[in-house]
Amino acid sequence: MHRRIIVPSALAASLMLAIPASAADFVPGAPGIGDSYYPASGNGGYDVSHYDLRLKYEPATDLLEGTATIVATTKQNLSRFNLDLGLKVSEVRVNGRIAKFAASGAHELEVTPAVPLEKNKEISVVVRYAGKPSEFKIDGWSAWARTPDGGVAAQEPDSAVWWFPSNDHPLDKATFDVSVSVPAGHQAISNGVLQSQSTSLGRTRFNWRSDKPQATYLATLAVGKFDITTDRTANGLPVLNAYSKDLGAHAGAARASIERTTEVAEWLETVFGPYPFNSLGGYVPNVTSGFALETQTRPFYSPRQFANGANVSVVVHELAHQWYGDSVSVRDWKDIWINEGFARYSQWLWSEKEGEGTAQELADYVYALRGADDPFWTVKPGDPGPENQFHGAVYDRGALALQALRNEIGDEDFFAILKGWPKQFAHGNARVADFVRYAERISGEPLAELFDTWLYEPSKPAAPAAAAAGLSAPAAGRPAAPKAGAKAAKPVQPKSWKKIAATNTVHDRERGRGHEGPGGH
């Protein structure tokens, strides 16, 4: 409350310059960041630069206790702001002072600081909280999976609200320090580099650091009993892979796939440019899910990905996301194609490299596999809608769009774009429209019509469009077009197709709000 002071007018005028903005100038930050698919995701009014998470987890009971310190900068005068969190909060401090807080909505934590926060100021927020993540559900589903020896946080498009308070949207990326105390004999796996670990009084604390901007859904935590392998790349990057000790029959195939992480990453550098982060690896916990996820620096793989043997193609997919999805992230979830279309196309390029079918042959196969009346073609990869965000068309038709682009502009410009894009938007965010403009600038060609045909038309591109994209002319290993009135020839299946298709599954509520789509995000 401001006291009313009566002074001479000249003195009053000079004092007005020193008086801070009135309470009326401070307003609450928005409860959502403005995403077109998920309006409640993220929050407005501030930008996070760093999360420091100090956690204690009990595998036997699923009890997680945490103290999160968030460093952020205000983007407006704030009377109140929101964080996203599903667990119970016991205390919040803003700039060291006790703040009021209240839970609202499905996962909103409303924080009212003791003193309103001025625009463009760095602030610190400390949140103490606890709960059992597996008991928290949104619309009946959870991003936290219990395992026989612990728990795992890995999910898309949301996972953070199950284990730490955040501005939970890819548009607000930050660096992370994650410190986790677990019973001795267990390990805690997270993103980045393991800085240190120490054991005392029957507990071990693991300290992880991810030093490049990271979207909150790409932060991961896995507690359990793992076999861990470590190495360094030729360039000195630390490599850490972790395999649950109870993977059973899937253990060998999982190792045979993920131990090729360094090889795959080195090859991807020839396609996409320098690897963008400070470590490499992957982990396989004993979960019942069927998907994989590009958690930054250390992708998550379900054991079922290796049910039919080793599958390096899924490793290619998740590592490609380190460039396309992790370093360059979506500005809005409708821009999912700039993640998934490229990760799928990287599998096609790997197939080409391995001599198991060229990208052109895979494109021909995908185009010929489904008739014009197949609902597959009604999904628009450039804006699929939240219900189809992870539909197979985003992946396969999305990759078709890239092959069409490659055929239109030629390999030199095409591969220059694949390398230039992650450099242009490194550690930032972008839209589909940004990629279209970038491709036009590099190639010097108008490409709006091509992208509209392959990304936005809710129908199968007709024969003339396919021919223009190089998808209809016969080539070596491809059947010639049938004569008029003749039965169409069955498309030739490239050798790599089964491995690529093995990364496609239909998911239940356990993953991604029940969307249907490929198992490799």
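Residues meeting the side chain to side chain donor-acceptor pair (under 3.5 Å) test with Asp246, sequence neighbours left out: Ser244, Asn286. Applying the salt bridge (charged side-chain N to carboxylate O under 4.0 Å, His left out) test to Asp396 and every residue at least two apart in sequence or in another chain returns Arg344. Here Trp454 pairs with nothing under the ring pair (Phe, Tyr, Trp, His ring centres under 6.0 Å) rule; sequence neighbours left out. Applying the side chain to side chain donor-acceptor pair (under 3.5 Å) test to Ser257 and every residue at least two apart in sequence or in another chain returns nothing. Under the rule for a side chain to side chain donor-acceptor pair (under 3.5 Å), Thr295 has no partner lying at least two apart in sequence or in another chain. In this structure, Arg441 has no salt bridge (charged side-chain N to carboxylate O under 4.0 Å, His left out) partners at least two apart in sequence or on a different chain. Taking Phe136 as the reference, Trp162 meet the ring pair (Phe, Tyr, Trp, His ring centres under 6.0 Å) condition, with sequence neighbours excluded. Here Thr453 pairs with nothing under the side chain to side chain donor-acceptor pair (under 3.5 Å) rule; sequence neighbours left out. Annotation: ring pair (Phe, Tyr, Trp, His ring centres under 6.0 Å) contacts of Tyr129 (sequence neighbours excluded): none.
Classified by interplanar angle (parallel below 30°, tilted 30° to 60°, perpendicular above 60°), the ring pair Phe277/Tyr275 is perpendicular. Between Trp348 and Tyr345, the two ring planes are tilted [angle within 30° to 60°].
Thr358 places no side-chain N or O within 3.5 Å of a backbone atom of Glu352 that could act as its donor or acceptor partner. Ser159 places no side-chain N or O within donor-acceptor distance of the main-chain N or O of Ala153, the cut-off being under 3.5 Å. A donor-acceptor contact shorter than 3.5 Å is absent between the side chain of Ser41 and the backbone of His169.
At a threshold of 4.5 Å between non-hydrogen side-chain atoms, the residues Arg205 and Gln197 do not count as touching. Two residues are said to be in side-chain contact when any heavy atoms from C-beta on lie closer than 4.5 Å; Arg209 and Thr175 fail this criterion.
Applying the ring pair (Phe, Tyr, Trp, His ring centres under 6.0 Å) definition to pairs two or more places apart or across chains, those involving residues 201-255 are Tyr217-Trp333. Listed by first and then second residue, the side chain to side chain donor-acceptor pair (under 3.5 Å) pairs that reach into residues 230-241 are Asn241-Glu259, sequence neighbours excluded. For residues 410-420, every residue pair satisfying the side chain to side chain donor-acceptor pair (under 3.5 Å) rule, not counting sequence neighbours, is listed here: Arg406-Asp411.
Aromatic ring centres of Trp163 and Trp144 lie farther apart than the 6.0 Å criterion allows. A ring-centre distance under 6.0 Å is not found for Tyr301 and Tyr283. Within the 6.0 Å centre-distance limit, the rings of Trp337 and Phe435 are counted as a close aromatic pair. Taking the centre of each ring, Phe272 and Tyr324 come in below the 6.0 Å mark.
Under the 4.0 Å criterion applied to side-chain N and carboxylate O atoms, Glu440 and Arg437 are not assigned as salt-bridge partners. The residues Asp335 and Arg431 are annotated as salt-bridged, a charged nitrogen and a carboxylate oxygen being separated by less than 4.0 angstrom. A salt bridge links Arg255 with Asp227: the distance from a Lys NZ or Arg NE/NH1/NH2 to an Asp or Glu carboxylate oxygen falls below 4.0 Å.
Other residues, nucleotides and ligands contribute only 12 or fewer heavy atoms inside 6.0 Å of the NZ atom of Lys495. No more than 12 heavy atoms of other residues, nucleotides or ligands shown are found within 6.0 angstrom of CG on Asn308.
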